[in-house]
Amino acid sequence: MVGLVLYLLLRLILSCWILPILVYRKIRKNGFGGPTPRFPLGNVREMKVDTKIINNVASSSLAISHNIHPIVFPYFARWQKSYGKVFVYWLGKEPFLYIAEPEFLKKMSSRVHGNKWGKPNVFKHDRKPMFGSGLVMVEGDDWVRHRHVINPAFSPPTLKAMASLILEPATKMLERWTTLINSGKLEMDVEKEISSMTGEIIARATFGLRNEKGSEVFEKLRAMQFTLFNSKQKNLEAKKLGKEIDQLLWSIIKDWDGSHHRYLVGYLMEGEKLSAREIVDECNTFFFGAHETTAMALTWTLLLLAIYPQWQIQLREEIRQVIGDGEDIAFTTLSRLTKMGWVMNEVLRLYSSAPNAQRQAREDIKVDDLLIPNGTNMWIDIVSMHHDPTIWGDEANEFRPKRFKDDHLYGGCKHKMGFLPFGFGGRMCIGKNFAIMEYKVVLILMITRFSFSLSPTYRHSPSIFISLRPRYGLPLIVQPL
Ligand code: HEM
């Protein structure tokens, strides 16, 4: 017994202390600087202090600035001034290589295939209730297997078939808005409305329209999300909800009737290449990966359209020319909405729903004459790169969709790795095309029926809850056209 306890203790010391320090020493040999860590929290305390200070300032300030990096990542903005755009900091007992330098990222990632990237251990525990061993977290050959199974679910013909699933939840939301407006309520928190709608869309795309258990899973996933972000007893509650969600998903899979190809879960079951546990985790991953990110892209878009109403007019005019009255939306016409594409890119640049990407090296990586050792955790700061005047120019913090007119992929950014709304390399977002389709269909429906202006109660405080969100929601004045 004593031997076992000693063995476990030694393993704990090795994995929590000795191995991270060895990796840290190897990283530092490259000459990277960074803030001094304090055991056992590393730099977490000062990160929390910086966040608290900035939140107090942001809560009392009324000005709207798109220069959000010092607001959402105040500690990184501060450390960048002392240590540059690549440095080392500590999250608890784990050293992280911070990267906000596109050229460094390009050199490093060009040498690594998708299946050779891992995900930092610290996040695996935290995010288990959301992603389990789904695509976001899985590694190596398992990642290749999952990605092969899921890829066909997002091919253009499948997306075309799924486009109709978006219409009903979106129309339902707009009808609710009409009812609210008719009852005299012009101001509404559109963030809440949109989040609930995108949740319903991904639940339908995953399980089908009238699957009652699918709706029940959706309700429980929403409750899980609320628990993870708001509850003090989140571990206990999340565990209980997780079990209930698992049971419902197991029974959906068991009773699946063979209408496989309309819904995502059908693709997951194709060829029995994924185990039942993996299918359950992928369903959870779709919900958490798809729903908040797309909801935030639409939410920040409405904020920017409310601030810059001339873009509402331009988009309506484009829709009129390409689609007509916006009633009959053909999937194939979406790509012709070029101005809408610029607006989406510019919104994702200024207010990137996914504010960072993470990796862990699973082998030594050479970058010029530097060696990034196996086991290195990496934090890629997408918000910093999207707002960096050295690659975007002096107007980096301004809303200027036209920057994508002549360069629709990179918006004139001086470095191709400087614009990463959907990530990079083999692990780039698998749902990108679904997200773009959903974004365009919902935006068409919203702006052809309503106009949006900012409510005086809006407080501009972008903040990170895994996604980048407006801390106090998005109250807008919504008026029928
Ligand atoms: C505007 C909406 C979205 C944004 C901004 C977004 C962004 C991202 C980003 C930045 C990553 C990480 C990529 C990396 O690490 O390099 C990612 C991964 C992922 N996304 Fe999305 N996403 C969106 C919508 C969706 C949707 C609609 C789905 C599914 C239906 C989805 C499913 C996933 C999955 C499964 C991964 C993990 C891919 C892998 O590691 O192989 N996302 N997304």
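No donor-acceptor contact under 3.5 angstrom links the side chains of T299 and Y351, judged on distance only. Inspection of the S451 and Q312 side chains reveals no N or O donor paired with an N or O acceptor under 3.5 Å. Residues S455 and E187 bring a donor and an acceptor atom of their side chains to less than 3.5 Å of each other.
For residues 140-151, every residue pair satisfying the salt bridge (charged side-chain N to carboxylate O under 4.0 Å, His left out) rule, not counting sequence neighbours, is listed here: D142-R145, R145-E278. Listed by first and then second residue, the side chain to side chain donor-acceptor pair (under 3.5 Å) pairs involving residues 377-386 are H69-D381, Q80-S384, E94-N377, Y98-D381, Q360-N377 (not counting sequence neighbours). Each salt bridge (charged side-chain N to carboxylate O under 4.0 Å, His left out) pair with one or both residues in residues 175-186, not counting sequence neighbours, appears once here: R176-E193.
Closest of all the heavy-atom pairs between T158 and Y267 is CG2-OH, 3.0 Å. When every heavy atom of L348 is checked against every heavy atom of A297, the shortest pair comes out as CD2-CB, 4.0 Å.
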Worked verdict on F434 versus T294 for side-chain contact (heavy atoms from CB on, under 4.5 Å)
CA-CA 10 Å; F434 184 94; T294 316; 5.9 Å; no
Please test L180 against M188 for side-chain contact (heavy atoms from CB on, under 4.5 Å), starting from the C-alpha separation and ending with a verdict.
CA-CA 9 Å; L180 283 171; M188 54 189 92; 4.2 Å; yes
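Taking the ring axis of F424 as reference, the NZ or CZ atom of R359 stays within 45° of it and closer than 6.0 Å to the ring centre.
Note on ring orientation: taking the six-membered ring where Trp is involved, the planes of F404 and W392 are tilted (angle from 30° to 60°). Between H291 and F287, the ring-plane angle classifies as tilted under the 30° and 60° cut-offs. In this structure, H66 and Y308 have tilted ring planes: the angle between them lies in the 30° to 60° band.
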